[in-house]
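In this chain, residues are counted from 1 in sequence order. Keep in mind that what you see is a predicted model, and the values were worked out from it rather than measured.
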Amino acid sequence: MAKQRPQDDVVRITTVGTSRAQDIATRQRRYLLSMSLRSLCFVGAVIAGLAGIGWLWPILIAGALILPYFAVVLANVSTMRNDTFELRRTIDHPELGPRR
């Protein structure tokens, strides 16, 4: 006997998530971008320190120390589609009439 789904549990093709491979590729790109920014912060801090810009290098070091946390959080966020439009209720209006 087939299991019946409740009528309110409507599955829409527009709310289906992306494929697993595409989701992983998107997460990897976000993580790579965040870690590249972290590396740039370290390089910028060294350059700012050597150039004698005393106020900039501590900010860049702080950014380089904080960015890994945000990189991991952003890499673990899955991409989900969400559409906010309501479907028309067709339960009261059958599409096919009775056979005559």
Side-chain angles (χ1 to χ4, degrees):
M1 185 170 175
K3 185 177 180 181
Q4 295 292 327
R5 254 190 11 222
Q7 289 293 343
D8 292 337
D9 189 21
V10 178
V11 177
R12 294 181 246 179
I13 193 66
T14 57
T15 58
V16 173
T18 58
S19 69
R20 181 166 171 83
Q22 188 177 5
D23 188 39
I24 289 173
T26 303
R27 291 179 187 203
Q28 287 174 341
R29 257 185 263 118
R30 273 187 269 176
Y31 186 77
L32 182 63
L33 181 66
S34 299
M35 287 294 109
S36 298
L37 184 61
R38 179 183 187 221
S39 298
L40 288 175
C41 282
F42 271 127
V43 171
V46 169
I47 293 172
L50 292 175
I53 306 172
W55 60 271
L56 183 59
W57 71 265
I59 294 171
L60 292 173
I61 291 292
L65 293 175
I66 293 172
L67 270 172
Y69 171 76
F70 290 109
V72 170
V73 169
L74 286 176
N76 287 327
V77 173
S78 65
T79 55
M80 299 203 46
R81 292 184 184 173
N82 186 12
D83 59 359
T84 57
F85 68 89
E86 292 293 322
L87 290 178
R88 232 176 9 145
R89 302 301 288 188
T90 58
I91 296 171
D92 298 334
H93 308 288
E95 293 181 15
L96 297 176
R99 188 173 183 179
R100 294 182 188 189

Closest approach of [X] to [Y] (non-hydrogen atoms, all atoms of both residues):
{"X": "A48", "Y": "L56", "result": "CB-CD2, 4.0 Å"}
{"X": "L60", "Y": "A45", "result": "CD1-N, 3.4 Å"}
{"X": "P58", "Y": "G54", "result": "CD-O, 3.3 Å"}
{"X": "I53", "Y": "W57", "result": "O-CD1, 3.4 Å"}
{"X": "P68", "Y": "M35", "result": "CA-CE, 3.6 Å"}
{"X": "C41", "Y": "L67", "result": "SG-CD1, 4.2 Å"}

*With side chains defined as the heavy atoms from C-beta onward, is the minimum distance between V72 and Y31 less than 4.5 Å?*
yes

*First locate atom CD1 of I24, then atom CZ of R29, and finally report the distance between them rounded to the nearest 0.5 Å.*
12.0 Å

